[in-house]
There are 2 protein chains.
Amino acid sequence: MQKYREIGLKLTPQRLAILEYLDGNTSHPSAEDIYREVKKRFPTMSFATVYNTLEVLRKRGNLLELTIDPERKRYDPNTSPHHHLICLRCKKIVDVHVDYRIDLPQKERESFEVFGNHIEFYGICNNCKQKGGVMNGSV
Amino acid sequence: MQKYREIGLKLTPQRLAILEYLDGNTSHPSAEDIYREVKKRFPTMSFATVYNTLEVLRKRGNLLELTIDPERKRYDPNTSPHHHLICLRCKKIVDVHVDYRIDLPQKERESFEVFGNHIEFYGICNNCKQKGGVMNGSV
DNA sequence: TACTAAATTAGAATAATTCTAAAAAACGTT
DNA sequence: AACGTTTTTTAGAATTATTCTAATTTAGTA
Ligand SMILES: [Mn+2]
Ligand SMILES: [Mn+2]
Ligand SMILES: [Zn+2]
Ligand SMILES: [Zn+2]
């Protein structure tokens, strides 16, 4: 999360901690992941602060909210266009940095103004495959 | 939703109503959409029945759970591979029936067994564009 | 150091979804 | 047609993620 000192944002230690945790983080953490981690340094940290900060970052375009995990939102500080691969078992999400160029058919382009797209690949990671079991079914 | 009379499933009027509502439905309804509609015919219908039935259908592979809408799960009785375009304003979801052939890089294919993929396009529908306003930021 | 707008906090509120356990109904068998 | 077993439905409670509230604290500035 590049330069923190920007327009109209107060630099609080809590924010700093969240920003530092997110900086370069490719684990696509949930709000709770972030809360748990940052709470170690700031035991009074509240969930509201985590959500508030994430919302501020999102509004400023410094953070993406991923909806790929059906159970909770996941956050991604990498806002450059890329895609994701999720393990249906353990919900691990990894980046897919490939520029697939996908265009919408004329029909849809007429009835929508399209801003972008996002590909979610789903499968089972090697780690989970060993352990065996059943998978989910969401898309 | 093809033949209902299949292995080990009791055919109740409630299920039939849900199945009929879903059959050929391309609106990608939420559980509440389904509940609201089916309740018209079965005023005692409960949410649990809707969720139970959706879960049964999903397990049998007759229904997809879409996670594209950050606020709630959306359901799709069309289980053949296709993609989606969502309006960030009104959350309308439309089908994109194009067979983009997207392959994962070797690296990811080694560490994951990939079952499939799903592309979400996001934008603003014409209907919403007229009305103006701000959009979301989820991916 | 003092002011003030903005941020943090604990906890309550909300909303989607899941769970519970009792009553009802489907369906195969008499 | 009635019976018995198993599955399903149901209302409501419980759970979980997220948002809201209103009081307190703090960052940034004068
Ligand atoms: Mn990513
Ligand atoms: Mn669809
Ligand atoms: Zn896994
Ligand atoms: Zn719209």
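Just so we're on the same page: letters track the sequence lines, and every chain starts at 1.
- Between B/L85 and B/I93, the closest side-chain pair of non-hydrogen atoms is not below 4.5 Å.
- With D/dT10, D/dT8, C/dA5 as the choices, the nucleotide that has an atom nearest any side-chain atom of B/T12 turns out to be D/dT8.
- Counting only heavy atoms from C-beta on, A/S46 has its side chain closest to C/dA10 among C/dA5, C/dA10, D/dT9.
- Taking atom OH on A/Y35 and atom P on D/dT16, their separation rounds to 15 Å, with Å as the unit.
- Distances shown here put a side-chain N or O of B/T44 below 4.0 Å from the OP1 or OP2 atom of D/dT10.
- Rounded to a whole Å, the CG atom of A/N52 is 17 Å from the P atom of D/dT26.
- Distance from the side chain of A/R72 is smallest to D/dA17 among D/dT8, C/dT9, D/dA17.
- Between A/Q14 and D/dT26, a side-chain N or O to OP1/OP2 separation shorter than 4.0 Å is absent.
- Taking atom CG on B/D69 and atom C1' on C/dT17, their separation rounds to 14 Å, with Å as the unit.
- Rounded to whole Å, the distance from NZ on B/K39 to C1' on D/dT10 is 10 Å.
- Comparing D/dT18, C/dA26, D/dA11 by their closest approach to the side chain of B/A48 singles out D/dA11.
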Start with the C-alpha distance between B/D95 and B/H28, add both sets of side-chain angles, then the distance that settles side chain to side chain donor-acceptor pair (under 3.5 Å), and finish with yes or no.
-> CA-CA 9 Å; B/D95 287 332; B/H28 309 92; 2.9 Å; yes

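- Which of D/dA27, D/dT8, C/dT8 sits closest to the side chain of A/R15 comes down to C/dT8.
- Residues that satisfy the ring pair (Phe, Tyr, Trp, His ring centres under 6.0 Å) test with B/Y35, not counting sequence neighbours, are B/F47.
- Summarising the geometry, the separation between OH on B/Y51 and C1' on D/dA11 is reported as 16 Å, rounded to the nearest angstrom.
- Backbone-only engagement by A/P13 is indicated by non-hydrogen atom pairs under 4.0 Å involving sugar-phosphate atoms exclusively.
- Rounded to an integer number of Å, the gap from B/F47 CZ to D/dT16 C1' is 16 Å.
- One interatomic measurement links the two molecules: CG of A/L9 to P of D/dG28, which rounds to 10 Å at whole-angstrom precision.
- Ring centers of B/H83 and B/Y100: under 6.0 Å apart, within the cut-off.
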- Message: Is there a side chain to side chain donor-acceptor pair (under 3.5 Å) between B/H84 and B/H118? Walk through the geometry before answering.
- Response: CA-CA 8 Å; B/H84 295 97; B/H118 174 239; 2.8 Å; yes

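- Atoms NZ (B/K73) and C1' (D/dT16) sit 12 Å apart, rounded to a whole Å.
- Comparing D/dT18, C/dA7, D/dA27 against the side chain of A/A31 picks out D/dT18 as the nearest.
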